[in-house]
**Q** 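Encoded as C-alpha cells, here's the structure I'll be asking about.
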There are 2 protein chains.
Amino acid sequence: MGVKERKKRNAQKMRQRILKAAMDIFAKEGYEGVSMRRIADKIEYSPGTIYRYFESKCDIMLQLCYHGFERLLGLQFELDKITNPVERIKVEGRYYVTFALENPELYELMFATREIIKQPADAEESVARKSFGKFAEHVQQCIDAGFFSGGDPETLAVALWAALHGLSSLLIKDQLRFLPEERVGEVVERALAFNLRGAGKELAFTGSEFR
Amino acid sequence: MGVKERKKRNAQKMRQRILKAAMDIFAKEGYEGVSMRRIADKIEYSPGTIYRYFESKCDIMLQLCYHGFERLLGLQFELDKITNPVERIKVEGRYYVTFALENPELYELMFATREIIKQPADAEESVARKSFGKFAEHVQQCIDAGFFSGGDPETLAVALWAALHGLSSLLIKDQLRFLPEERVGEVVERALAFNLRGAGKELAFTGSEFR
DNA sequence: TTGACAAAATGAACGACGTTCACTATACTG
DNA sequence: CAGTATAGTGAACGTCGTTCATTTTGTCAA
C-alpha cells in the first residue's frame, strides 16, 4: 500500500504549486507583489495551509532564488560548447549581464536581498557557489591556455566576477542612467573587454589593507 | 517681526530631529528597524506629526541616502591632497570599499534599495552623480598624466566604478564568504590593483551587444 | 459500514507596518 | 480677549507574516 508514498508525492505537488504561484506573482509584480495571502489566493487555499509546506515566506523566496541560480548555471554549462577559453569567458560575461538585465528582480533576489543571504550558510554546496565554481573553472582554463596571467586564479575569478556583478547591479538599478541610452551597450561592452584585458598581465601584490 | 522666520527655523529643527532619530535607529538596527512609529517614539511625538515634515518614509530614507553620499563625497574631496593621480585613484578605491564595509546598511540604502532609486530622477544634480563626477574627474587626471589609456574616460570611469561597486556589494552581502577570512583583504587588494592595471592599456572596441 | 484516529486545511486573531484624517490643543494676530 | 491659523494627536484603514484552536477530510481496523 503506497499510501505514504502517494502522500509524499502530493505534498511535493503542493510545494510545487506554491512555488509556481509565488514565481508567477514574482515575475509579474516583483518582490513587493508576493505575499502569503496572494499566494494562497492563487492556489485557492487558505494562508495558513502554506505553512504546512514551507517554514516561512523567506523559505519560499529562497527556493525561487535557487531556481534562479540553476538557470544561470544552465547558461554556464552551455558555454562548454565554446572551445576557445577566452572567447568562452567573454561570452560568459555577456550572458551574465544579459541574465541580470532580463531578470532584474530575480537577480536582485539572488544577490542583494538581505534575508536571502543569511539563510544558506548551512546549505552546503549552495547553487550560488556552484555557479561561481563554474566561472572560476573557466577562468582557470584561460590561465592554462596561457591567455591570462598565472596569478592566483581565485583572485582573478573574484575580480572578474565582481566587475560583472558591479556592472549588472548598476545597470539594473539604473545607476548608469546618466549615460545616453544609445551609449550604454557600448560602455558595457568596453568595460567587459577592459576587465578581460586586465587579466592578461601579472600583477604586483601590494599587501592587504582590508578587513 | 520674525515670527515666520522662527517658525521656519523650528520646522527645520523638527526635520533635523526626525532625521537624526531615523539615522540613529538606522545605524543601530538597520533598515528593518526604522519605522514611522519608532521614529515618533524616539522624538516623543505621535506618528501623524512626522507627516507634517516629510511626505513619506521613503522621503526620510532618501534624505539619509543623500547624507551618505555627502559623506562619501567628503572622503573624495580629501583625496585632492594626494598629488600623484594614480596613487590618488588607488586610495580612492580603498576608501570606497572601506566606506561600504564600514557602513553596509547605508551603502545598501544608497545603491541597492529599490524605492530609493526611483525617486531622484527629478532631483537634478543628485549627490550620487556628484560623487561619480568626482571619481570621473580623478580618472581623467590619470589619463591626462599619461598613466591610463586615452580611451573614452567615461567608459573607463564606469568600468572602474563598477568593479569597486561589485567588490563592495559582494563583500557586504558576504557573497565572498567562501574565501578564508584571512585571504579576503589580499583578494580585494589584488582585485583593485588588477583593475587599475587594466586601465593602463588601449582597448580594442568590439561592438555593442547590450540593450 | 462504522467509529476512531491522524493528517490536512481553515480562518480568525495577533502585533506590526505606512498612511490618513477628523479632531483637539497651542500659538499668533487684530 | 476673540478668532483664526498652525501644530499635534491618535484612532482607524488596509496591509503584512505568522500562529493556532478548530473543523474537515482521509485512512484503516473492527
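Everything numeric in this text was worked out from a predicted model, so none of it was measured. Lettering follows sequence order; numbering is per chain, from 1.
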**Q** Please confirm whether the backbone N or O of Phe69(A) pairs with a side-chain atom of Lys130(A), one donor and one acceptor, at under 3.5 Å?
**A**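 Such a contact is absent between Lys130(A) side chain and Phe69(A) backbone.
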**Q** For the side chain of Asp152(B) and the backbone of Thr155(B), is there at least one donor-acceptor N/O pair under 3.5 Å apart?
**A**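 Yes, the answer is positive, given that a donor and an acceptor are paired below the 3.5 Å cut-off.
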**Q** Measure from CZ on Phe54(B) to P on dA7(D) and round the result to the nearest Å.
**A** 15 Å
**Q** Restricting to side chain to side chain donor-acceptor pair (under 3.5 Å), what partner residues turn up for Gln141(A), sequence neighbours left out?
**A** Arg88(A)
**Q** How would you summarise protein contacts on nucleotides 7-22 of chain C per nucleotide, using B for base, S for sugar-phosphate only and - for none, with heavy-atom distances below 4.0 Å?
**A** SBBBB-B---BBBB--
**Q** Can you name the one residue among Phe99(A), Tyr107(A), Phe135(A) that meets ring pair (Phe, Tyr, Trp, His ring centres under 6.0 Å) with His165(A)?
**A**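 Considering Phe99(A), Tyr107(A), Phe135(A), a ring pair (Phe, Tyr, Trp, His ring centres under 6.0 Å) with His165(A) is found only for Tyr107(A).
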**Q** Taking the side chain from Gln76(B) and the backbone from Ser131(B), do they hold a donor-acceptor pair closer than 3.5 Å?
**A** yes
